[in-house]
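The block underneath contains the structure these notes are about, expressed in structure tokens.
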Amino acid sequence: MTPDPQPCDPQPTDGQQRLLDRRRFVQLAGVGAAATAVGLGAPTLRESLAAASVRPEGTFSLGVASGDPLADGVVLWTRLAPDPLAADGHGGMPHDPVTVRWEVADDASFRRVVRRGMERADFTSGHAVHAEVSGLAPGRDYYYRFAADGETSPVGRTRTAPAPGARPDSLRFAFASCQSWAGGRYAAYRTMAEEDLDLVVHLGDYVYERSDTRTVSDFRLLHALYKTSPDLRAAHAAFPFVVVFDDHEVDNDWAGDVSQDNEPVESFRALRAAAFQAYYEHLPLRRAQVPRGPEMRIHRRLTYGRLLELNVLDTRQYRDDQVGSGFPGGPRDPRTLDPARTMTGDAQERWLLDGLRRSKSRWNVIAQQTIMAQFDYDPGPVESINRDQWDGYVPARQRILRALGEGGPSNPVVLTGDWHSSWVNDLKRDFDDPASETVATEFVGTSISSGCGWRADVEAALPANPHVRFFDGTYRGYVRCEVTPDSWRSDYRVVSSAGDPTGPAGTLSAWRVLDGQPGAQRVDGLTITGVRVPVLEAGRPGHATVSLTNQTGEDVGVEAVAVAPQGWSSTPVRATVASTGSTDVQLPITPPGPEPSTADLDVRVVADGAEVFGPPRLQHVVAVPATDDTVLSLDAGPATGPVQAGFARHSPAETWSADRGYGWVGTPLPDSRDRGRPDDLRRDFALGRGAATTLRLHVPPGLHRAWFLTGDASFDAGNTIVSIAGRVVAQSGPQVIPAGRFVFVEVPLDGGPAGRDVDLELTGDLREGFWRLVSLSLTGR
Ligand SMILES: [Fe+2]
């Protein structure tokens with residue numbers, strides 16, 4: 001677990017929140033902050049089907065795809081479904097088999113057709129079509145299409161692998177994973193489809209099973225739902241895919257014959273068979289991958305001449321059950337060190353190690369699911385690991401790493417999905433010794449759309465894991481790799497929003513591995529290295545500071561702008577970022593006024609027409625009432641420590657005094673906390689729970705308003721309720737306020753003709769009942 005930065009903090013729920021196991025997180029992942037805050041699970045399949053807004057039409061509504069390229073051919077896929085979301089899962093098809101014709105051509109207009117054939121689409125296999133085409137030339141683009149029921153499919157493009165023994169100059173491919181429907185679809189695929197790629201490798205979580213996916217029909221509907229995304233279909237039509245499943249195609253965190261909830265083996269095997277059948281029916285897989293009931297041979301090897309060999313692993317079907325639940329697992333259990341435990345099964349492990357030993361390829365890739373590098377989630381002396389990942393199977397990992405080290409295959413690289421975040425890891429012979437040999441680089445790709453609820457846990461633990469060279473949990477996307485005989489380059493391609501296909505996309509970070517030199521080097525061009533926004537004043541001009549680092553070797557002109565909600569204004573700024581070092585750009589921002597507000601500010605920087613990314617550009621900002629407009633501006637917090645400029649200190653020691661015109665009254669008195677960030681105003685606050693705490697304010701004559709700011713920089717916060725004489729007059733809302741976010745609570749007050757003192761009672765009724773007061777501004781109305 002990640003320790004509370006304030007160990008004596010009387011907030012057990014905060015600690016428990018961070019101890020949520022992975023299963024709970026995964027239920028929440030991708031659902032969005034609002035749903036997370038109120039603890040809602042993900043929607044069921046039926047709810048998602050009912051909400052599906054676009055239902056593509058025609059026999060080929062699910063699109064076309066190609067996969068598993070060989071030097072002389074590929075497998076082509078489609079599935080006939082004129083009514084793709086028909087309730088029986090059969091896509092609106094009758095019981096009869098249908099003959100489907102296919103053609104492969106040199107050109108997109110099919111003037112030069114080089115291969116054609118027929119396949120039978122059967123009711124029992126969902127009228128899916130898998131046509132294995134051979135006799136094609138190596139290393140070439142081809143176009144393909146299907147025809148059935150008087151209709152012709154969209155045209156797909158594919159590419160064969162280079163000839164065995166050939167020495168291609170380069171290979172460009174992308175790898176991706178984790179495309180939760182609820183997380184938003186699919187800006188990342190829209191961007192990917194515009195790339196120039198030879199291949200896409202999908203590492204799993206292609207669909208997310210739901211509580212109501214049990215039968216083949218259910219899983220067919222789930223896959224069909226996902227394929228209603230035009231962006232997913234476009235990516236399939238543009239490039240051949242190599243796909244492999246992880247857990248969510250079947251059941252969260254399943255392991256061999258063991259389901260998440262330990263259901264009886266026979267019933268879980270029936271579920272697995274249904275899930276495998278639908279997976280096969282919806283993806284471009286060869287005959288060798290046809291499932292036999294609950295068994296499916298998915299691990300396999302693809303070769304790109306002498307340049308690259310791809311070992312695709314199955315880390316679910318043959319593994320031992322996790323020791324306890326996945327994330328974070330708590331102190332290391334000695335069973336995770338048992339050499340008999342396996343992630344791949346013995347046969348697959350032998351197959352992998354034999355293949356690596358025999359490989360003649362320059363680059364040797366292991367494409368698999370869960371993070372292979374060790375990662376200790378506890379920066380302190382106790383080790384805390386994710387037991388669903390390779391950390392739960394240590395000797396199995398070390399056997400592979402040993403095989404990759406000295407005398408092993410040329411240039412090993414591990415590609416990983418599963419964890420919805422971007423990482424670059426040195427895979428060490430001994431992770432506990434930073435000086436030990438780096439045997440390979442692990443590139444972990446972020447999700448296409450699934451959320452990363454554990455981002456803060458990883459960030460807090462990074463200092464304890466120096467072999468993790470890069471981490472980002474903010475952005476969704478995929479990794480684009482360009483491989484030549486001399487070097488490997490990985491570009492972490494990200495989108496600003498998983499669910500907005502028109503939003504900006506760009507490269508978050510780029511890394512290079514040189515032939516013969518294990519370990520990656522960062523080769524970013526221009527990146528945002530920081531965005532700072534101080535507390536702003538409502539209606540008054542302020543600014544954000546954007547730090548940019550330039551490693552392109554040339555001066556770069558940029559345009560920066562803050563995208564803010566209605567009422568906020570910002571002027572774009574042009575600047576030149578010098579070829580060396582870092583440049584700060586001041587970005588003018590004016591919040592609306594005179595009333596205070598909070599907003600999410602997206603700082604965008606464009607260079608040469610391309611979006612620049614970096615650490616989170618999205619900032620939650622606060623505009624307080626301008627202090628020269630207020631009767632009182634109080635910054636709540638401890639009795640010592642910084643106070644926001646223009647504000648008066650309001651600690652638990654400030655009890656009521658008529659001279660001051662404010663102060664605490666009676667008991668209980670509040671407590672206080674200081675989180676140390678992000679600024680003098682928001683870092684600290686007063687808090688309490690249980691019986692109401694009373695704050696007396698002198699209200700001058702006439703109508704006034706008190707603005708309570710509540711929230712917590714470091715933890716999810718409960719609500720804050722303000723009452724007068726036992727009657728609720730205002731509250732922050734019925735929901736938990738996520739960590740790092742703040743909310744204003746407006747309390748109307750009438751000072752009458754002569755002014756008067758008002759007692760405001762503070763309570764909370766969420767998360768152990770803690771209320772929080774960050775600041776208070778009293779304004780005229
Ligand atoms: Fe996932």
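Not measured: the values here are computed from a predicted model. Reckoned from all heavy atoms, side chains included, excluding hydrogens, waters and symmetry mates. Ligands are counted one by one from 1 in listed order, and the atoms in each one are counted from 1 as well.
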Any N/O/S atom, side chain or main chain, of Tyr208 closer to the Fe ion (ligand 1) than 2.8 Å?
yes

Are Asp388 and Arg316 within salt-bridge range, i.e. N to O under 4.0 Å? yes

**Arg332 and Asp378 ion-paired at < 4.0 Å** = no

For Asp205, the N, O or S atom at the shortest distance from the Fe ion (ligand 1) is OD2

With a 6.0 Å cut-off on the ring centroids, do Trp181 and Tyr208 count as close?
no

Taken in chain and number order and not counting sequence neighbours, the residues that satisfy ring pair (Phe, Tyr, Trp, His ring centres under 6.0 Å) with Phe173 are Trp488

For the Fe ion (ligand 1), angle spanned by His420 NE2 and Cys178 SG (nearest 10°) is 90°

